J.: 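One structure, pasted below without further comment.
The analysis underlying the following values was restricted to heavy atoms, covering all of them including side chains, and did not include hydrogens, waters or symmetry mates. Because the structure is a prediction, the values reported are computed rather than measured. Labels below follow one simple rule: chain letters A, B, ... track the order of the sequence lines, proteins then strands, and each chain is numbered from 1.
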Amino acid sequence: MKLFKIRGGVHPQDNKHLAAGQAIEDLPMPALLHIPLQQHIGAPAKPAVRRGQQVAKGELLALSQGAISAPVHAPTSGRVMGVGSYPAHHASGLSVRTVTLKPDGEDRWSDEIQGVPDPFALAPEEIAARVAAAGIVGMGGATFPSAVKLNLRTRYRLHTLVINGAECEPYLTCDDRLMREHAEEVIDGVRIMAHALGVDRIIVAIENNKPEAQAAMALAASADPRIRIARLPTRYPMGSEKHLVQSLTGRETPARGLTADIGVVVHNGATAFAVHEALRWGRPLVSRVVTVSGGAVSRPRNLRVPLGARVQDLLEHCGGFAEQPAQLISGGPMMGQPLPSTRVPMVKGSNGVLALTTAEVTRHEPMPCIRCATCVQACPCGLVPLDMAAHTRAGDLEGAVSLGLMDCIGCGSCAYVCPAHIPLVQYFNYAKGEMAARGRAKQKMTETKRLAEQRTARMEAMKQAKREAMAKRKREAAAKKAAETAETDAAIATSGAAAEPPTIRAEA
Amino acid sequence: MQIETPASSAGPFAHARTSIQRTMSLVMLALLPATLFGFWQFGWPAIFLFFATIGTALLAESACLKLAGKSQRLYLLDGSALLAGWLLAVSLPPWAPWWIGAIGAVIAVVVAKHVFGGLGQNLFNPAMVARVALLISFPLEMTSYVQPMPLFSADAPGFLQSVAISLGQPGFDAVSGATLLSHVRTELSQGMSLSEIIPDIAYLVSGAVGTIAGSMGETSALLILLGGLFLLANRVITWHTPVAMIGSLAILATLMNLYDPEHYAGALYHIVSGATLLVAFFIATDPVTSPVSKLGQIVFGAGCGVLVYVIRTWAGYPEGVAFAILLMNACTPMIDHYIRPRVYGRDRRGTPIEYADNAEMRQ
């Protein structure tokens, strides 16, 4: 199909050869699983199990909380060891609420697990509800609850479902392998999602460095004339949702908007597979495929991993380190996060564990910017990274924002090409974080001010009421006194004597 | 097997194999053919001048780094001082005494670069600042050109004679020569017409090949062009600035030539003579002092071309390219302020794109 040109981008060495040839393999069940209750964007799930409780595979461990959230299920059968805190799958290494599960080795599915005989007979809302109940989130790494995206048709006029199989990050091959080995299932999930969205135009977009996946998916999709396979040029960040859609449709998503604004919804291929599992078999999202790769890994592989397995368990299964790694990363080398330790557990959004050697992580000392503008040419968003960085460095964050800081997708193309090795993405992350913090502080201040003003107004009203009451009492007293005097005067006038005591007129 | 790694670093963890040193080295590599040709054409005095210039540039850089408390290891060998010295050297009259090169290098590195804050901070191209300062301060030395006398040819000065020339001692009977530009200008001012001054195409050919009087490294238009194409091929520069500059110069020259062929030379003359190509590919593309957006670079290049034509034709300096560059350097911050790339999802003014069907969909 016809593709449209997108600006910017870079061509990092993809290094996919390390793991691309490795068929998906099951990770042996670790002795313990640490399942965080926050594996998605949105509110953390609320625990629904107690310490010591026996659970079956697929049984609910935690309930979703609020509109944007996802439930968490038991990745295998076993006993709940506790609900405590454990280091999160995050660069900070901070702890989050985590259910620790001791597998019993039986890996027995819950009796309640049941598929739907014909998902296409279900109403769209019903499909979305089942996807929500299965705890499915965007598996490309963004972890946005998928059901929310499947319900977009209520607010947007949609015409196209795009399946993101670009997998443009170097080293990662988990989507490639999944599409090669489970093309039928992925396509089934795609069709179910299209039914839920009510669209009849489906594009499966795969980069040209995955010809086997393209062929397998084309074969699996051949029975459905609505599905087209787009063969994308290999370029980073082709997997960026908005750029992918532009490449396919020629239309740009409006700034601060969603692709739904131009009628397109994008889901990841692995998410489609999870939807297939959830609808056909009733299985919630309890495992995923992860690429373990990098020059420091003895035997790079693609593993099907129960959620909650630790990075360490994966690395050990891959034969440990061939050499001391210079950098451990979760995700790809472009947008991945440094891993604080090998203890952290795998979550729904984990697509890669990379152990890179010193040679792979070329580090240079940063030099001053020479304004060479290679960052400007590389930016897929049309920004001027060097100016944004200069403003950030000078502490002028508003200046950076006015230059488009909030339009930055953090893809790292600018830092990748910078000959001065300036950590541009770090600058922008700092500035974005700082702006968010300032926004929160400002909101808090406005709120405090509002409350204070309300209080002052209330106090004022109370004082006013008091004053009025007082004035009223005074007036009454005065009126009474006047009345009494008048009466007395009248009495004096009529009787001529001051004999009778004054009568109190209560009704005044 | 449990390891803890520092979580200090953030992505991307991959990097293109580029560095400032690599960029600067590629530019110098591109300059090499024209420079070697200049050595051969103008002999030992040119070689001495070249090394006096870049040697002084490095010394001055080192001294400034020491004063500024910056790392010699990181900055001295970043290639920027070496390249500034090199660019200055190739733009000097080849037999200029050594101290011309030395003073120029000090001006380039100290005044034009470090006074502004060092690498990446300068507003003006250091080599061009130095060249203009020298031209104003030492007009005689800066306009004394010699006819090419290829190294080891019979009439070329020997090694010792060359040392004397470099030290500024007269004694060698050099054939002084005017550059194509100054020759044409002088003759035009005498009331000659162009057809009498430039009798045939041979003049232009020698300009292109470089067998004429001129600055040390800019006489051969062809070798400079070769270097420029090398830079384009290696993506050190983009086509926008050089094409805009040469294009605007060529258009203006052609129009004026059509208007009055006897007084205004054509496009080819302007392109092959003087420093046009050297400046178009090596100076106007200087990242530090030129705009960052492609459209900005086109505006900048076009401005350079127009100014080169105006200065050469109507102002007092036939070799006026350096002035043109400095004037446009001064405009760079303004160009960068007004001309920016269009941000994804926004129109040129920065408001989010609206589609016709959008408003309806958002309801």
J.: Identify which part of B:R342 has an atom lying under 4.5 Å from any heavy atom of chain A, answering side chain, backbone, both or neither.
T.: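 Contact with chain A is through both the backbone and side chain of B:R342.
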J.: Is the backbone N or O of A:A415 less than 3.5 Å from a side-chain atom of B:H15, with the two atoms forming a donor-acceptor pair by type?
T.: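 Confirmed, B:H15 side chain pairs with A:A415 backbone.
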J.: Kindly compute the distance separating CZ (B:R235) from CD (A:Q377), expressed to the nearest 0.5 Å.
T.: 9.0 Å
J.: Is A:L386 in contact with chain B via its backbone, its side chain, both, or neither, using a 4.5 Å heavy-atom distance?
T.: side chain
J.: Heavy-atom distances under 4.5 Å only: say whether A:D387 touches chain B with side chain, backbone, both or neither.
T.: side chain
J.: Between A:P368 and chain B, with a heavy-atom cut-off of 4.5 Å, which part of the residue counts as in contact: side chain, backbone, both or neither?
T.: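 Its backbone and side chain both get close to chain B.
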J.: Please flag which part of B:S19 lies under 4.5 Å from any non-hydrogen atom of chain A: side chain, backbone, both or neither.
T.: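 Contact with chain A is through both the backbone and side chain of B:S19.
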J.: So how far is it from B:L74 CG to A:M367 CE, rounded to the nearest 0.5 Å?
T.: 5.5 Å
J.: Work out which heavy atom in B:P287 is nearest to a heavy atom in A:C372; give both atom names and the distance.
T.: CB-CA, 3.4 Å
J.: Measuring heavy-atom distances to chain B, does A:H11 have an atom under 4.5 Å in its side chain, in its backbone, in both, or in neither?
T.: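 Neither part; nothing is under 4.5 Å.
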J.: Are the side chains of B:Y344 and A:I6 in touch, meaning some heavy atoms are under 4.5 Å apart?
T.: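 The answer is no; the side chains never approach within 4.5 Å.
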J.: Rounded at 0.5 Å granularity, tell me how far CG in B:L119 sits from CD1 in A:I370.
T.: 6.5 Å
J.: If you compare all heavy atoms of A:P338 against all heavy atoms of B:F13, which two are closest, and at what distance to 0.1 Å?
T.: CD-CZ, 3.8 Å
J.: Heavy-atom count check: over 12 atoms from other residues, nucleotides or ligands less than 6.0 Å from B:Y338 OH?
T.: no
J.: Under 4.5 Å from any heavy atom of chain B, what part of A:C369 do you find: side chain, backbone, both or neither?
T.: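 A:C369 touches chain B through backbone heavy atoms alone.
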J.: Below 4.5 Å from any heavy atom of chain A, which atoms of B:T285 appear? Answer side chain, backbone, both or neither.
T.: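 Neither; nothing under 4.5 Å.
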J.: Which pair of non-hydrogen atoms, one from B:I353 and one from A:E252, has the smallest distance, and what is that distance?
T.: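 Smallest heavy-atom distance, with atoms named: CD1-OE1, 3.5 Å.
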J.: Can you tell which of A:Q337, A:H364, A:H243, A:E360 has the highest number of heavy-atom pairs within less than 4.5 Å of chain B?
T.: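 Looking at each option in turn, the highest pair count goes to A:H243.
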J.: Is the backbone of B:T18 close enough, under 3.5 Å, to the side chain of A:H421 for a donor and an acceptor to pair up by distance?
T.: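 Side chain of A:H421 to backbone of B:T18, a donor-acceptor pair under 3.5 Å: yes, one is there.
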J.: Where does A:P170 contact chain B at under 4.5 Å (heavy atoms): side chain, backbone, both or neither?
T.: neither
J.: Would you mind telling me which of B:T289, B:D336, B:D286 makes a side chain to side chain contact (heavy atoms under 4.5 Å, CB included) with A:R371?
T.: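 Only one of B:T289, B:D336, B:D286 forms a side chain to side chain contact (heavy atoms under 4.5 Å, CB included) with A:R371, namely B:D336.
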J.: Which atoms of A:M335 come close to chain B, meaning under 4.5 Å heavy atom to heavy atom: side chain ones, backbone ones, both, or neither?
T.: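 The answer is neither part of A:M335.
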J.: Heavy-atom count check: over 12 atoms from other residues, nucleotides or ligands less than 6.0 Å from A:Q13 CD?
T.: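 Count not over threshold, so no.
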J.: Is any side-chain heavy atom of A:V376 closer than 4.5 Å to a side-chain heavy atom of B:P341?
T.: yes
J.: Give, for atom NZ of B:K294 and atom CZ of A:R7, the distance between the pair rounded to the nearest 0.5 Å.
T.: 6.5 Å
J.: Only pairs of heavy atoms separated by less than 4.5 Å count here; which of A:C418, A:P12, A:G404, A:C411 has the most with chain B?
T.: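 Max contact count across the listed options: A:C418.
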J.: Compare all side-chain heavy atoms of A:E365 with those of B:R73 and state whether any distance is below 4.5 angstrom.
T.: yes
